[in-house]
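To start, the structure under review is shown below, and the notes come after it.
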Number of protein chains: 2
Amino acid sequence: MTELSAQRRYAEDAAVVLNGLGLPPAYGKLLGWLLVCDPAWQTSSQLAEGLGLSKGSVSTGMRMLETSGLARRVPVPDHRGHAYEVRPDAIIRVAADASKFRVFRELMERGLTVAGGEDAPHTERLRVMRDFYAFIEREMPKLVERFQAEYDTEGEVHG
Amino acid sequence: MTELSAQRRYAEDAAVVLNGLGLPPAYGKLLGWLLVCDPAWQTSSQLAEGLGLSKGSVSTGMRMLETSGLARRVPVPDHRGHAYEVRPDAIIRVAADASKFRVFRELMERGLTVAGGEDAPHTERLRVMRDFYAFIEREMPKLVERFQAEYDTEGEVHG
DNA sequence: CCTTGGGTTCAGAACTTTTTGAACCTTTAG
DNA sequence: CTAAAGGTTCAAAAAGTTCTGAACCCAAGG
């Protein structure tokens with residue numbers, strides 16, 4: 001094993017954490033690298049080279065990062081094609097997206113039906129869960145807005 | 001393929017959803033089943049039988065559900081050993097646990113160091129993420145408390 | 001048009017995770 | 001003390017996922 005840059009090691013560590021959440025290693029490596037690299041944008045070849053991944057893996061991994069809202073393509077002057085970067089507001093977009101919670105709320109609603117409906121006995125666990133997901137679905141966007149408000153006030157510097 | 005009960009079908013569907021989050025199918029099946037079954041508590045053999053899983057898978061899967069705080073063991077009268085049930089407050093315990101977020105905040109803090117520290121150029125994405133996770137880490141427990149308060153007030157029935 | 005850099009796709013290989021089932025504990029009832 | 005039910009563990013098999021690399025597509029420049 002040859003010497004690894006701090007950036008590369010960070011990418012590997014990020015991959016471990018993200019992998020624990022069920023995401024593919026390549027996805028975590030790409031995200032980790034794109035978080036700490038300088039400049040913030042990197043072409044496919046830079047990513048493949050830097051992370052020891054094939055063109056194919058970079059392509060697939062970056063598509064996942066794009067569709068999950070964390071990364072985007074940016075044009076590069078003097079270069080055919082594009083580069084990728086982590087969106088500065090990545091986490092906010094992802095966190096504010098309430099559709100994640102809707103899936104769960106709907107699953108709980110269906111569970112309640114299967115279990116015999118709203119008033120059936122022994123359904124407290126389902127009602128609590130359904131109500132909780134409905135609550136989060138409502139409140140999470142508000143919470144994210146509050147973060148943005150606080151952030152824009154406190155931090156005087158902008159990107 | 002032989003006819004499946006509504007409960008069993010629900011368990012299979014829950015497994016698909018949870019599997020999408022990176023959890024093993026058996027885990028999702030067990031959770032789905034335990035959400036809709038009546039009575040709410042089930043022995044290992046009932047679970048294995050009902051879901052077509054081996055004793056081993058039930059044992060492993062239920063350990064995961066226990067350690068993740070969603071299920072617990074309950075004694076059964078007239079029966080050796082125990083049964084399992086979903087905790088009525090399952091989702092609240094899981095949601096209020098802020099340690100999930102700490103891992104991410106720490107990852108972002110390390111990223112910032114790797115990227116050259118707080119004031120290094122091109123680190124906005126990292127600072128936003130770190131601050132966001134710190135914010136969520138602080139606010140999530142409060143949000144859950146608010147849910148509990150609202151819930152205890154609105155719903156007059158208790159388990 | 002033809003070439004070339006860049007990018008995507010996808011079949012199969014490599015790898016990882018999950019599941020099973022048999023061996024083995026442990027508890028309790030008789 | 002013994003038998004039997006319930007439960008856990010773990011090695012190996014099965015299933016599933018991810019990665020690679022070669023074929024292919026597309027746009028831009030000459």
Side-chain angles (χ1 to χ4, degrees), chain A residues 1 8 11-34 41-68 70-85, chain B residues 1 8 11-34 39 41-68 71-85:
Chain A
M1 195 76 182
R8 174 65 189 278
E12 297 296 328
D13 292 351
V16 170
V17 172
L18 279 271
N19 199 215
L21 262 92
L23 295 160
Y27 180 99
K29 290 187 201 191
L30 289 164
L31 180 57
W33 182 271
L34 283 171
W41 59 92
Q42 300 273 294
T43 64
S44 289
S45 356
Q46 289 177 305
L47 291 166
E49 167 98 22
L51 292 164
L53 292 172
S54 69
K55 279 206 303 172
S57 294
V58 172
S59 178
T60 314
M62 285 313 305
R63 180 143 29 71
M64 294 180 77
L65 279 165
E66 272 184 284
T67 54
S68 68
L70 287 170
R72 69 179 170 199
R73 285 158 198 246
V74 289
V76 189
D78 299 334
H79 190 270
R80 286 267 214 88
H82 53 261
Y84 295 100
E85 67 173 18
Chain B
M1 194 77 181
R8 173 65 188 277
E12 297 296 329
D13 293 352
V16 170
V17 172
L18 279 270
N19 198 215
L21 261 91
L23 295 160
Y27 181 98
K29 291 186 201 192
L30 288 164
L31 180 57
W33 181 271
L34 283 172
W41 59 91
Q42 301 272 295
T43 64
S44 289
S45 356
Q46 289 176 306
L47 291 166
E49 167 99 21
L51 292 164
L53 293 172
S54 68
K55 280 205 303 172
S57 293
V58 172
S59 178
T60 314
M62 287 312 306
R63 180 141 31 70
M64 292 179 77
L65 280 165
E66 273 185 282
T67 54
S68 68
R72 68 179 170 200
R73 285 158 197 243
V74 290
V76 188
D78 297 336
H79 188 272
R80 286 268 213 89
H82 53 262
Y84 294 101
E85 67 174 18

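A quick note: this is a predicted structure, and the numbers were derived from the prediction, not measured.
Considering only side-chain atoms of A:Ser44, the nucleotide from D:dA4, C:dG7, D:dA28 that sits closest is C:dG7. Residue A:Pro24 places its side chain closer to D:dC19 than to any other of D:dC19, D:dT8, C:dT18. Which of C:dT9, D:dT8, D:dC19 sits closest to the side chain of A:Ser59 comes down to C:dT9. Of the candidates C:dG21, D:dT9, D:dG21, the closest approach to any side-chain atom of B:Ser54 belongs to C:dG21. In this structure, the nucleotide among C:dT27, D:dG7, C:dT20 sitting nearest to the side chain of B:Arg80 is C:dT27. Distance from the side chain of A:His79 is smallest to C:dG6 among C:dG6, C:dT19, C:dT8.
When the C1' atom of D:dT9 is taken as reference, atom CE of B:Met62 falls 18 Å away, rounded to whole Å. Rounded to whole Å, the distance from CG on A:Leu23 to P on C:dT16 is 17 Å. Residue B:Lys55 contributes atom NZ, which lies 7 Å from atom C1' of D:dG6 at whole-angstrom precision. Put simply, NE2 on A:His82 is 17 Å from P on C:dG5, counting in whole angstrom units. Between B:Tyr84 atom OH and D:dT8 atom C1' there is a gap of 10 Å when expressed in whole angstrom units. The separation between A:Asn19 atom CG and D:dC19 atom P is 9 Å, rounded to whole Å. We find that CG of B:Leu47 is positioned 13 Å from P of D:dG6, with the value rounded to whole Å. What separates CG of B:Asp78 from P of C:dA29 is a distance of 11 Å, to the nearest Å.
Atom-to-atom distance recorded for A:Leu70:CG and A:Tyr27:OH is 4.5 Å, nearest 0.5 angstrom. The structure places CG of A:Leu34 at 12.5 Å from CH2 of A:Trp41, a figure rounded to the nearest 0.5 Å. Taking OG1 from B:Thr60 and NZ from B:Lys55, the interatomic distance works out to 12.0 Å, rounded to the nearest 0.5 Å.
Residue A:Gly81 is the one, among B:Val58 and A:Gly81, whose nearest nucleotide of DNA chain C lies closer to the 5' end (criterion: closest heavy atom). Checking A:Gly22 against B:Arg63, the closest nucleotide of DNA chain D that is more toward the 5' end is the one next to B:Arg63.
The side-chain heavy atoms of A:Arg8 and A:Leu51, taken from C-beta on, include a pair separated by under 4.5 Å.
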Evaluate A:Arg72 against A:Glu66 for side chain to side chain contact (heavy atoms under 4.5 Å, CB included), listing each step before the verdict. CA-CA 6 Å; A:Arg72 69 179 170 199; A:Glu66 272 184 284; 5.7 Å; no
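Residue A:Gly52 is classed as a sugar-phosphate contact, given heavy-atom separations below 4.0 Å to backbone atoms only.
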